[in-house]
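This is a predicted model, so every value here is computed, not measured.
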Amino acid sequence: MNTIKSLFVVALLILGTTIQAQEMIQKQNIRLQSDLMTPEALWAMGRIGGYAASPDAKHIVYNVAYYSVKQNKSHHILYVMDADGQNQHQLTTSAKNETDAAWLSNDRIAFISGGEVWSMNIDGTNRQQLSQTNGEVEGFLFSPDQKKVILLKSLPYYGSIRKNPDDLPKASGRLVTDMNYRHWDHYVESIMHPFVADVDPSSFIIDPSSMKDILEGKPFECPMAPFGGIEQLAWSPDAKTIAYTCRTKEGVEYAISTDSDIFLYDVTTGSVSNLCKPEGYVAPKSNPTKSMKDQPVNSPEHLKYLPGYDQNPKFSPDGRYVAWLSMARNGYESDRQRLCCYDFKTGEKRFLTESFDSNVDDFCWSDSKDATIYFIGVWHATENLYAINWKGEVKQITNDCADFGSLQMLNNGKQLVMERHDYFHPADLYIVTPNWKKPQLTDIRQITNENKHILSQLAAGTSEQRWVKTTDGKEMLYWVILPPHFDATKKYPTLLFCEGGPQSPVSQFWSYRWNFMIMASQGYVVIAPNRHGLPGFGSEWCEEISGDWTGQCMDDYLTAIDDAAQNLPYVDKDRLAAVGASFGGFSVYYLAGHHDKRFKCFIAHDGAFNLESMYTDTEEVWFSNWEYDDAYWNKDQTANARKTYENSPHRFVDKWDTPILCIHGELDYRINANQGMGAFNAARLRGIPAELLIFPDENHWVLKPQNGILWQRTYFEWLNRWIGK
């Protein structure tokens, strides 16, 4: 009996060990069957996320997410290494996700695990739980003097959805009383607030009894949904002030407005001031069915009340300045993103990047003596590093055929840690040493090579730029992505890639879904135009798309694919397809009725099909207000609004004649799934070959590993069926 019992215990221990091993998702040392990228190879790659340099600039801690297709989930792991990339060491040793690493000292790291803040030594030992919140922490930021900490927590919210009666605990119904009842992919039944708490500087233990809600009693969120995080808050160097981002609106006003502000919270007194609006300012009531495009842009009046997106504040090292990202106009989510800076000494507020006619995507402070800021922005389809001072003088520091995605200044004041990627290389970390006198000699040194074990087995394609004259007499750049083992004497099936946004750059991005390397590896040439409506070619070029979704930008698509078919001998003009997501999906639906038999098949993901329906379906109504110019029911519409609704893709289904694959996520509340279903149903009712790939559990993206594999397989099966390899 004892022997049997012992065997049973051993079996349980073995089983437990096996289960634990299965749950511990780590780097996959896969061996590929060929040198061509596959969906499985793509999902086996590690994805580098957040990173932070130690105070003495000698070490870097960073996060990598690994995915298991079998378990259909991810695992976030922390690593630490020397600042030159040597002596990499894995810190995470359990199946729990560990994220948001930050330095408490040169040899102590704070991080989130299980919804609590923890700390550990630089070698991963001596772990200690610092917070006690029942697993509610979603972000944190210690003050510079380490006597206080900001903790992000979600609170129940009953603004647009009434709380159900307590005696009906199993009721699933929701009584909606106003707009903004759901956002992005969830019903709005909670909002995030920042709390400030005391910290024991000797042990870093957080005092749970001292926690104070900075927005106590206010029905507003900070950070802002759906993508905001701890980057929307910042400590002043003297630890006396917190700058935070907030949009102080609910219901309809929230749904139609992008007007967020930068607030200053006095930690001692609890008083709050607004850097973006004068004291006593009362926002005008907006008409949700009329355009807000008549607002001033970069005028003295505009600087007084900053009516657009303002977010992500950062103090200068000496505390004299605070800078943040700022958009000019309310309701315009794709407005040019400027760098705004406030001088506490003089009270002056200034836009610094007026001479850089594109977006500032991220920034960090350098030497505050002359208020120098490093930033990254896109110009001519690449994302590079620039520097700017208080006078607004811009200098380009790097000129790489790649995209830099984020940056952080090392405390040595001479180097930056930056994330870099391109069409054939996923994110890795680099040390960039700017050369001010000779920027062309700026040193860019790779310090991680997360996916070398996979990339070394793969043959990469190549990309090149090509310029073509558009129908309005301007010059347009488009990328040509060529397959591995390219043979210029052969003809290849070719894809026209239609970008989303509508104002997102077609730069050297790396995507785990719309991945140009895997498209090329499957034997396709990709044509990716930087059409009208994309940043990186000046504001005039970028803004021409608003109110004109079916005009010049559609001509640009056809110009690019026609130029490729006529002038690139390896492009097979008889095997062309158009593909795209979001606005790219809308573009595909529109081109399906206007392509004059150029294409043999289409693929549209999460695209708008019926713009009248889209106007009231979407939860972010500011988007429709700006892009369509007006509501469809108004009889006194602008010419742009009439043109928009008259040219909605659903009005041209009678001209559809080409097979189409429609893909949509049912949790996509930005562009509802009825849009994809409607397009598919219309195609089938017309007798056109069509398929619908519907994801009940995905939003505007596809995030789950098995869904991602299914997406890729379906995508290429459809292309292979109609245009072949």
Inset, instruction - Give a yes or no on whether the backbone of Ala402 and the side-chain of Thr382 come within a donor-acceptor separation of less than 3.5 Å. - result: no

Legend entry - Note, Gln465 side chain near Leu477 side chain (heavy atom, < 4.5 Å): yes

Inset, instruction - For the residue pair Ser539 and Asp357, confirm or rule out a side-chain donor-acceptor distance under 3.5 Å. - result: yes

Legend entry - Inter-residue atom distance Asn97.CG - Ser113.OG, 0.5 Å rounding: 8.0 Å

Legend entry - Gln26 side chain to Gln90 side chain, donor-acceptor N/O pair below 3.5 angstrom: yes

Inset, instruction - Evaluate the side-chain proximity of Val579 to Tyr715: yes if any heavy-atom separation is below 4.5 Å, no if none is. - result: yes

Legend entry - Expected output: side-chain Lys395 to main-chain Trp436 donor-acceptor under 3.5 Å: yes

Legend entry - Geometric class of the Phe716/Tyr524 ring pair [parallel <30°, tilted 30-60°, perpendicular >60°]: parallel

Legend entry - Ser582 side chain to His700 side chain, donor-acceptor N/O pair below 3.5 angstrom: yes

Inset, instruction - Look at Asp82 together with Lys58 and state whether they make a salt bridge at an N to O cut-off of under 4.0 Å. - result: no

Legend entry - Polar side-chain atom of Asp310 near backbone of Ser326 as donor-acceptor pair, under 3.5 Å: no

Legend entry - Side chains of Thr125 and Asn121, donor plus acceptor under 3.5 Å: yes

Inset, instruction - Report yes if the distance between the aromatic ring centroids of His380 and Phe537 is under 6.0 Å, otherwise no. - result: yes

Legend entry - Side-chain donor-acceptor pair present, Glu98, Thr92, cut-off under 3.5 Å: yes

Inset, instruction - Go through the steps to decide whether Glu499 and Ser504 satisfy the test side-chain hydrogen bond (donor to acceptor under 3.5 Å, both in side chains), and finish with yes or no. - result: CA-CA 7 Å; Glu499 178 61 291; Ser504 300; 5.3 Å; no

Inset, instruction - Output yes when a side-chain donor or acceptor of His89 lies under 3.5 Å from a complementary backbone atom of Asp123, and no otherwise. - result: yes

Inset, instruction - Establish, from distance only, whether the side-chain atoms of Asn106 and His59 form a donor-acceptor pair under 3.5 Å. - result: no

Legend entry - is_close_aromatic(Tyr62, Trp103), centroid dist under 6.0 Å: no

Inset, instruction - Answer yes when Asp400 and Arg420 have at least one side-chain N-carboxylate O distance shorter than 4.0 Å, and no when they do not. - result: yes

Legend entry - Heavy-atom donor-acceptor pair, Thr433 side chain to Gln415 backbone, under 3.5 Å: no

Legend entry - Test item: side-chain donor near acceptor, Tyr244 and Gln311, under 3.5 Å: no

Legend entry - Heavy-atom check, side chain of Asn411 versus side chain of Asp56, under 4.5 Å: no

Legend entry - Gln337 (side chain) donor-acceptor with Val360 (main chain) under 3.5 angstrom: yes

Legend entry - Asp362 versus Ser406, side-chain donor and acceptor atoms under 3.5 Å: no

Legend entry - Proximity of Phe486 and Tyr570 rings by center, below 6.0 Å: yes

Inset, instruction - Salt-bridge test for Asp343 and Lys349: reply yes if a basic N is under 4.0 Å from a carboxylate O, no otherwise. - result: no

Legend entry - Six-ring centre of Tyr512, Arg47 cation under 6.0 angstrom, axis tolerance 45°: yes

Inset, instruction - Pick out which of Trp479, Phe497, Trp514 makes a ring pair (Phe, Tyr, Trp, His ring centres under 6.0 Å) with Tyr423. - result: Trp479

Legend entry - Short side-chain donor-acceptor distance under 3.5 Å, Asn435 and Thr442: no

Inset, instruction - For the pair Glu231 and Lys314, find out whether any cationic side-chain nitrogen is under 4.0 Å from an anionic carboxylate oxygen. - result: no

Legend entry - Stacked cation flag Arg320 on Phe344, 6.0 angstrom / 45 deg: no

Inset, instruction - Verify the distance criterion only: is there a donor paired with an acceptor across the side chains of Ser507 and Asp403 at less than 3.5 Å? - result: yes

Inset, instruction - Look only at the side chain of Thr353 and the backbone of Arg338, and say whether a donor-acceptor pair between them is shorter than 3.5 Å. - result: no

Inset, instruction - State yes or no: are the ring centers of Tyr321 and Trp390 separated by less than 6.0 Å? - result: yes

Legend entry - Any Val199 side-chain heavy atom under 4.5 Å of Gln146 side chain: no

Legend entry - Backbone of Thr448 reached by a side-chain donor or acceptor of Gln446 within 3.5 Å: yes

